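One structure below.
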Amino acid sequence: MNWLTVVSLWLIPMILLMILLHAVIKKVPAYDVFVEGGKDGFQLAISLIPYLVGMMVAISVFRASGAMDVLVQALTPLFAFFGVPADIVPLAFIRPISGAGALGMMSDLIATHGPDSFIGRLASTMQGSTDTTLYVLTVYFGAAGIKYIGDALKVGLLADLVGMVAAIVIVTLIFGS
Amino acid sequence: MVHAIWIALFAIGLITAMVNGRLEEVSEAIFKGAEEAVVLCFGLISVMVFWLGMMNIARKSGLLDMFVKLFRPIVLKLFPDIPASHPALGYILSNITANMMGLGNAATPMGIKAMKELKKLHGGKDEASRSMVTLMALNTAGLTLIPTTVIAIRMNYDSAQPTEIVGTTLFATACSTLAAILIDRYFYYRKIKRNGSR
């Protein structure tokens, strides 16, 4: 616990200091170079707006309409068969689709069942162990202007599935149910 | 593929709303979703400008190259079609490292920069190259050593041991990352084989 918080607290300042000191040693005009590099950042962030608006509107419509609930309800028996608690199923589905949605759902599960309950631990592990596939895809390929994404989505979703199964297995093994 | 997913999510949502009589919630969701996306992008501006600026210093001073040299054998194995001294490697490494440290904010600008370099390498075409799909796969798998956000939330809810999930998270994320790499390879070689037999 302690060393982890220390590491995450010290990491960024250490990296920044290293970059600055190395620039001094190599006699790089650091401030000018910083400004020059930072200019791209604004353009890049703004250019993402249409991609994210399109994707996030579709996702929130899907959730608000109740379609997400229908999907989850239809698949809950299947999950129950493998010993997965029903409460966790919506999180497993929303995780690859919406990062904010998953974070909200995880907080909700932790608030309801307690952070140290089986479901709380499983939700934490699921949330922390993977990134939001659809978001990463939208942002990275959107910014680079890639239209034909090949097998990227399939690879991402299949890897998510493996991650979810791994989370369930390891949490059950370590913490029991 | 993204087109199909987008239309499916949107159209199924709209039709379900009509059947369920949840049109009011859905029209609200449209504006909320759009607003959320714009707020997210504006939030990205500060992070992007800052980290791209810092990375530019690291690149110009040669720090990024030193870093790449250290991990070159691993990265070249993962991305065999990138020339050994290409700038994309530096950004890819920074992206992966930032992700591992749980610095999602810093990882995104570097990942985007890496994608842009890979696009140049691919002749500026608007189709994803092999390396782009691999980079994507690594990012969606989200290899993290310290899941900072989750720990913070667990602390908020008075967990007796907020960090007890670090081990299980590490295991799960290692599995999904390994799976991402293997599945990516599998699809790539399957495509090669198919094109070859034709």
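Since the structure is predicted, the reported quantities are computational estimates derived from the model, not experimental observations.
Proximity to chain A is limited to the side chain of B/K113, based on heavy atoms less than 4.5 angstrom apart. The parts of B/I45 that come within reach of chain A are both its backbone and its side chain, each placing non-hydrogen atoms under 4.5 angstrom from that chain. Using a 4.5 Å cut-off between heavy atoms, A/Y31 does not touch chain B at all. Looking at B/D158, only its backbone comes within 4.5 Å of chain A, counting heavy atoms on both sides. If you measure heavy-atom distances from B/F50 to chain A, the contacts under 4.5 Å come from both the backbone and the side chain. Residue contact with chain B, scored on non-hydrogen atoms closer than 4.5 Å, involves the side chain of A/M106 exclusively. When heavy atoms are compared at a cutoff of 4.5 Å, B/K119 approaches chain A solely by way of its side chain, counted from C-beta outward. Both the backbone and the side chain of B/I57 have a heavy atom closer than 4.5 Å to some heavy atom of chain A.
Ranked by non-hydrogen atom pairs under 4.5 Å with chain A, the options B/R154, B/K116, B/E127, B/K60 are led by B/R154. Counting heavy-atom pairs closer than 4.5 Å to chain A, the top-ranked of the candidates B/S176, B/G13, B/G53, B/G142 is B/G53.
Side chain to side chain, B/N139 and A/D131 fail the donor-acceptor criterion of an N or O pair below 3.5 Å.
Contacts between residues 58-73 of chain A and chain B, counted as heavy-atom pairs separated by less than 4.5 Å, involve A/A58, A/I59, A/S60, A/V61, A/F62, A/A64, A/S65, A/G66, A/A67, A/D69. Using a 4.5 Å cut-off between non-hydrogen atoms, the part of residues 14-30 of chain B that approaches chain A consists of B/L14, B/T16, B/A17, B/N20, B/R22, B/E25, B/V26, B/A29, B/I30.
With respect to B/E35 and B/K32, no salt bridge is recorded, no charged nitrogen being found less than 4.0 Å from a carboxylate O.
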